[in-house]
Amino acid sequence: MLSMIRTIWYVFLHMFHRRVTVQYPDEQPYLAPRYRGRIILSRDPDGGERCVACYLCAAACPVDCIALQATEDSTGRRYPEFFRINFSRCIFCGFCEEACPTYAIQLTPDFEMSEYQRPNLVYEKEDLLISGPGKYPGYNFWRVSGVQIGGKDKGEAENEGRPVDLHSLLP
Amino acid sequence: MNMATVYVDNRAYEMDEKQNLLEGCLRLGMDLPYFCWHPAMGSVGACRQCAVKQFRDEKDERGRIVMACMTPAAAGTRISIRDPEAVEFRKAVIEGLMLNHPHDCPVCDEGGECHLQDMTVMTGHDYRRYTFEKRTFRNQYLGPFLNHEMNRCIQCYRCVRFYREYAGGNDLNAFALRNIVFFGRDRDGVLENEFAGNLVEVCPTGVFTDATLKRHYTRKWDMEMAPSVCVHCGLGCNITAAGRYGTLRRLVNRYNGEVNGYFLCDRGRFGYEFVNSERRIRQPLIEGKAVSAEAALARLGELTSGRVIGVGSPRATLESNFALRAMVGADRFFAGISGTEARLLKLMLEVLRGPARTPSLREIEASDAVFILGEDVTNVAPRMALSLRQSVRQQPMEIAERLHIPVWMDHAVREAVQEKKGPLFTASVSATRLDDIAAGTYRGAPDDLARLGFAVAHALNSEAPAPAGLPESARDFVKEAAEALKAAKRPLIVSGASLASAAIIEAAANVAWALAGSMLAFTATESNSMGLAMMEAPALDAAQAAHADTIIILENDLFRRLPEAEQFLERFRHVVVVDYLENATTAKAELVLPAAPFAEADGTLVNSEGRAQRFFQALPPPAPVKESWRWLGSWDKLDDIVEALARAIPPLAAVTRAAPPASFRMSGAKVPRQPHRYSGRTAMLANISVHEPKPPADPDSPLAFSMEGNPDQPPGALQPFFWTPGWNSIQAVNKFQEEIAGPLRGGDPGVRILEAGEGTPRFFEDIPAAFEPRAEEWLVVPLHHIFGSEELSRHAPAVSQLAPPPYIALNPEDAARFGDEAEMLGQRFPLKRLAELPRGVAGVPAGVPPFAGLEFPMWSRILQAP
Ligand code: SF4
Ligand code: SF4
Ligand code: SF4
Ligand code: SF4
Ligand code: FES
């Protein structure tokens, strides 16, 4: 008897506690930017596609759900011809993001990916590529890489000297 | 081998005292980083990466840093790899090499199979402290095969050592000075050397990378790979074929100590793209229309119910040729080569069954006097030329030996030897790419070359017949060549059928037989020329006379074999062709069956040495494409047909041993074709179906189309790729050899099925008369080109860029009466003036249409172009 009254008392007290239940989906919870949800491909600050098709994310992925093919534009800038993530296999471990040397692939706080059909969980580059830099606003891989691309000649990357003059005999 | 006890980190090991410490450590499976040492090129001590600490004796605590690659593995040597100072030293060296290294790995084609990456990880250098400006270079255009990205260079000098000293090129060099040493050409342009493609593997960084791979770039870890054999000439170099997403992505060298060693030629390395060609036949065709496999087989059944003959091919496997032979009957099976070629091949085979041994490329490399009769080796069997180039180093090596300089101490050896070269004599119809190392050269028309050969044989052994009236110009050559061969320990004669002259082959045989103990190497132009010859089928001329309604042609373009192919084919009511590329013959066929080219097929080829080698599918053939032997026979498994053919054709009995059978397992598991990091398994086909398909079964080999299986080292013939932990680049091969630069563990792949016979030879007596130029006609001979003369590689875009357009070559004096063009066979061609060509002889590019199907040598008029 006594224990029942005590229980009712506790329940009564709970009415004055802070609420944690949210009325999802009417109300959206806050998720930290580093939350590991839907994966996107980002662009560098200049608006160019960030991914350089290095295949590192694909190699890092423990379930092998990333497939891509590298290609190059006429100026030598490398990018993925296609880039596919099979989200029906993805375990949202974030290894791909960790492996990416260009900050191109990023996990986002969006987890609302339920589908009735599994094929709808296969995302192509058109579905993945967003129009901004995502979580890492400043970085542009091509500015540090030594490879020459359109708009960036040899020696114009960060910390690079002008191409050497091979005919110079100065010591 | 003399073993010496060497102490490494206080443990005793046995090392070969003829080797250096680096080789010794690597052979024992230890990890010691290096850059400038190369197993085929020895040590120069340039990079300082292989530093170890050497101690005088047990009591010595201080020790001193030495380069392992420059220190002999002498008995009692005590070294430490783990010594903190040595570790620190190696790390500092890498840090120095990396000061100017660009931040390129993600977009570098070497990434994932980069020796520099591996060594950097191995030494533990993982953080950049240098934050000043990096030095940069401009790149060069080096032709269709190689990319140049000079910023990535670490100045190890391997490229120029290979290119200049090993391969004999001279248009690649080190330029400039101090910290701006540049490796390239003096200006943009196509690299001239035929072995330049090896820089992809020789360069430990991403400076030189495969330009053909770049167009469909895939990382090594993502490729499905299989042991394969080059199909672009008769040498059968071993290759690793690698594919992804259903297309062939690239070839790399597959080490075989007896055959190609560490190197390929550029035709072999870059000719593979024909597999991805637009002209591939991917569907069965009836009257040019695509039909199902069932419909095609039904039609094949109808067409073969009557009288049928089969035409085999020197570029098809033993299995496919045998399947056709079994289908039509041995008496109705014809070798798909001209009568002349068949006779020449038969002659070569008979000669090789005589007392002179046919050498492997390793033996060619070790020969110490060479006489090349009639062949332009670099353009016919390219890789052999690279071995011949090493053979001239054998005799002068004695100088180094006398000075007690070990052979691997490359720079010192070259200093001691200077420009001295061992004897190599070339006799050819025009200039060859080996003339620069030749002690003597001779030019003549084919008959004159043969006469020269007979004369050399006579000079060696008076029982051999002598030609009458040898010109003065030849006598010195004969004398010198004969003396050099006689003085040699391992003399070698090289010849072949590329000038279509039986007399040359007979003369070469006489030379080899005149000198007991000499080796005799013949070149062959196609991947299975020797195998087909061993099947002893009559040639196409005999097929002319055969009565049949249907002709089945296997992987063969008859328009490249017969001048009158058109008329020949018209004699048959039905023409069936099994092939992989559209050509003039498939255009005439009623039924075309899509065959699988080497990368999608299993089969066995016999190279010019007489070595049977098996190759395996790198990619499963996309249905309905399948191997020719599957179209033509009803064998379920490769092993069944191999056994059947070994039983049916006694000279080929040993081919069953070319590779382990399909039932071979390692600890119960198959050998995986995919590296364990193979990516994209659950995504690559997800756009078609999210249900991952089961990997294709492979009943023909112990290899699996999967990353699952036993990752241990299989026998060499099954080795799909070279990789060991920490060694992602092709340098991992050190860990697969019994000895550094020796045989692969368990023996080099392939089985020799042609051995020299016993008994005294009977010298050939038929010496041709001296060549007489004619007034209005020229003797037309084929001039071979590494790029352009071979049928399949012509369809690879990179190779075809370097293929010559058709031309007529004449001696300038003969050409004086013509302008820039001349007319032959009713067509106009540009005229090339070749001072080396004898008068009265005209050269045309072999295998280049419209010269491809001609019967050589022939006499033809050449007219002033109107
Ligand atoms: S989050 Fe993990 S499982 Fe998903 S794609 Fe990235 S690496 Fe693969
Ligand atoms: S790791 Fe980054 S740059 Fe490399 S392929 Fe993946 S997304 Fe592109
Ligand atoms: S280009 Fe390559 S092989 Fe040549 S010196 Fe540089 S790193 Fe060495
Ligand atoms: S030498 Fe012949 S077999 Fe060897 S890689 Fe070149 S074409 Fe192929
Ligand atoms: S490998 Fe020994 S110094 Fe370069």
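Every chain is numbered from 1, with letters handed out A, B, ... down the list of sequences.
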Chain A contact via B:T218 - which portion, at a heavy-atom distance below 4.5 Å: both
Side chain / backbone / both / neither for A:E160 at chain B, heavy atoms under 4.5 Å: both
B:R677, B:E692, B:M684, B:M707 screened by side chain to side chain contact (heavy atoms under 4.5 Å, CB included) with A:D64, the one that passes: B:M707
A:N86 and B:R681: CA distance, side-chain angles, deciding distance, side-chain contact (heavy atoms from CB on, under 4.5 Å) verdict: CA-CA 10 Å; A:N86 180 355; B:R681 229 170 3 117; over 6 Å; no
Greatest number of heavy atom pairs closer than 4.5 Å to chain A - which of B:K214, B:H691, B:R215: B:K214
Side-chain touch A:Q117/B:V690, heavy atoms, less than 4.5 angstrom: no
Residue part contacting chain A, namely of B:Y678, when any heavy atom lies under 4.5 Å: backbone
Structural part of B:F137 lying under 4.5 Å from a heavy atom of chain A: both
A:H14 atom NE2, over 12 foreign heavy atoms within 6.0 Å: no
Residues A:Q148, B:R138; criterion side-chain contact (heavy atoms from CB on, under 4.5 Å); working and verdict: CA-CA 9 Å; A:Q148 175 179 346; B:R138 290 211 175 277; 4.3 Å; yes
Heavy-atom pair count under 4.5 Å with chain A, highest-scoring of B:C108, B:G111, B:S679: B:S679
Proximal component of A:R118, with respect to chain B [non-hydrogen, under 4.5 Å]: both
Top contributor to chain B interface from A:A70, A:A59, A:A53 [non-hydrogen pairs under 4.5 Å]: A:A59
Chain A contact via B:D222 - side chain, backbone, both or neither, heavy atoms under 4.5 Å: side chain
Sole residue of A:V52, A:T102, A:I149 in side chain to side chain contact (heavy atoms under 4.5 Å, CB included) with B:V107: A:V52
Pairing of A:R162 and B:E133 as salt bridge, 4.0 angstrom limit: no
Top contributor to chain A interface from B:M150, B:R219, B:R244 [non-hydrogen pairs under 4.5 Å]: B:R219
Chain A contact via B:I180 - which portion, at a heavy-atom distance below 4.5 Å: both
Most contacts with chain A, counted as non-hydrogen pairs under 4.5 angstrom, among B:A176, B:P102, B:P106: B:P106
